[in-house]
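Below is one structure, written out as structure tokens; comments come after it.
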2 protein chains.
Amino acid sequence: MLYQIDVMSRVPVYEQIIEQTRRFILRGILEPGDQIPSVRSLSAELSVNPNTIQKALAQLERQGLVFSVPGKGTFVAGKAKVILAEQKRGELEEIQRQLRELIWAGISREELLKMVNELFDNRWSETREDGK
Amino acid sequence: MLYQIDVMSRVPVYEQIIEQTRRFILRGILEPGDQIPSVRSLSAELSVNPNTIQKALAQLERQGLVFSVPGKGTFVAGKAKVILAEQKRGELEEIQRQLRELIWAGISREELLKMVNELFDNRWSETREDGK
DNA sequence: TAACTGTATTATCACCACTAGTACACTTTT
DNA sequence: AAAAGTGTACTAGTGGTGATAATACAGTTA
């Protein structure tokens, strides 16, 4: 199963769906034109109410990341990747804010630069969420 | 007034108080031993219910950042800065996650490294929240 | 026709941030 | 001693919202 939600999380289920979909598109796991799992199938496999799924998809459509065709399904939009890249750029300020805090907390310039470089070098290795 | 809250924000008022207090301590605006504005004064100046203020201070005390003396007031703990630095280190993974997303969005290694260096160089210039 | 798709509606529940009001005990100031 | 300020505790109520439940309608596909 592609999607995975954590019911214990404080972040709303519908936001988790949005977040994961965005990540799938950004990483090319979901390509433009690809069909997103249907409302009912997602609802069943995630044990989540259909309304919750629909809420997430509706929001994704408002952002232009997907488009829905009644009777057919919901698909990844062609400009999805571009839109996502732009949005990430918009989050730059927030990331800078966090890095500033980290600097105030005493991290060294060398350590931070090294971290960034390593992130680039390991760009293609998948992120593992487990602890093993 | 030191503190400032945004009632329109989606982030809870008591979390804003916590967040700002942490920032004040981290940046040395509030030093160990300094007294934090009283529950009632904060309540009055921020137009916020005393319970909301107390909720924030109680949580800060649980984290060991402040300590309260009934009848006297609430003060910044001696080890506050150390605790804060440790906590910030703990947030490293989250920051890395965001930087990874940024890389996936197409930011170049040079641009990111340049940004980090500039953050260090401008470390002492105050952050302005206004748009002027 | 049957089984799938998205979409819409209404009602209900639960949690939580927040407010309101009151009260108690302690410390400092006058 | 009195007053004013401090932290702390308790109960009650309100509003927003995330989530569920149960239907229903319309379009598409096998």
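Just so you know, these numbers use all the heavy atoms, side chains as well, and skip hydrogens, waters and symmetry mates. Naming: A, B, ... by sequence-line order, numbering from 1 per chain.
When all heavy atoms of A/K88 and B/A105 are compared, the pair lying nearest together is CB-CB, 3.6 Å.
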Between the protein and nucleotides 19-25 of chain D, list every N/O to N/O distance that falls short of 3.5 Å.
unit_1 : atom_1 : unit_2 : atom_2 : d
D/dA19 : OP1    : A/V13  : N      : 2.4
D/dA19 : OP2    : A/V13  : N      : 3.3
D/dA19 : OP2    : A/Y14  : N      : 3.4
D/dT20 : OP2    : A/N49  : N      : 2.9
D/dT20 : OP2    : A/T52  : OG1    : 3.1
D/dA21 : N7     : A/N49  : ND2    : 3.3
D/dA21 : N6     : A/N51  : ND2    : 2.6

Contacts under 3.5 Å, N or O only, protein and nucleotides 27-29 of chain D:
unit_1 : atom_1 : unit_2 : atom_2 : d
D/dT28 : O4'    : A/G71  : O      : 3.2

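For the pair A/N122 (side chain) and A/L119 (backbone), a donor-acceptor distance under 3.5 Å is absent. The backbone N or O of A/I95 sits nowhere less than 3.5 Å from a side-chain atom of B/Q98 that would complete a donor-acceptor pair. Without hydrogens or angle criteria, A/S43 side chain to A/V39 main chain gives no donor-acceptor distance under 3.5 Å. Between the side chain of A/D34 and the main chain of A/L30, no donor-acceptor pair closer than 3.5 Å is present. Side-chain atoms of A/Q16 come within 3.5 Å of backbone N or O of A/V11 as a donor-acceptor pair.
Atom P of nucleotide D/dT8 and atom CD of B/Q59 are separated by 14 Å, given to the nearest angstrom. Protein atom CD1 of B/I36 is 16 Å distant from nucleotide atom C1' of D/dT8, rounded to whole Å.
Along DNA chain C, the stretch of nucleotides lying under 4.0 Å from any heavy atom of chain B spans, 5' to 3', C/dA17 to C/dT28.
Remark: A/Q63 pairs with A/R22 by the side chain to side chain donor-acceptor pair (under 3.5 Å) rule, at least two apart or across chains. Applying the side chain to side chain donor-acceptor pair (under 3.5 Å) rule to A/R40 yields no partners; only residues at least two apart in sequence or on another chain are considered.
The side chain of B/T74 places an N or O atom within less than 4.0 Å of a non-bridging phosphate oxygen (OP1 or OP2) of D/dG7. OP1 and OP2 of D/dG7 both lie 4.0 Å or more from every side-chain N or O belonging to B/S68.
In terms of hydrophobic clustering, with Ile, Leu, Val, Met, Phe, Trp and Tyr side chains grouped at heavy-atom distances under 4.5 Å, B/V69 and B/V66 are assigned to different clusters. If you chain together hydrophobic residues whose side chains sit under 4.5 Å apart, A/I18 and A/M1 fall into the same group. In the hydrophobic clustering of this structure, B/I17 groups with B/I83; members are Ile, Leu, Val, Met, Phe, Trp, Tyr whose side-chain heavy atoms approach within less than 4.5 Å, directly or through other members.
More than 12 non-hydrogen atoms from other residues, nucleotides or ligands lie less than 6.0 angstrom from CD of B/E94.
Distance check, rounded to the nearest 0.5 Å: CG of B/L65 to CG of B/L57 gives 11.5 Å.
Counting any heavy atom pair closer than 4.0 Å across all strands shown, A/Q35 reaches no nucleic acid atom.
Rounded to 10 degrees, the angle between the two end axes of the helix from C/dT1-D/dA30 to C/dT30-D/dA1 is 20°, with five pairs used at each end.
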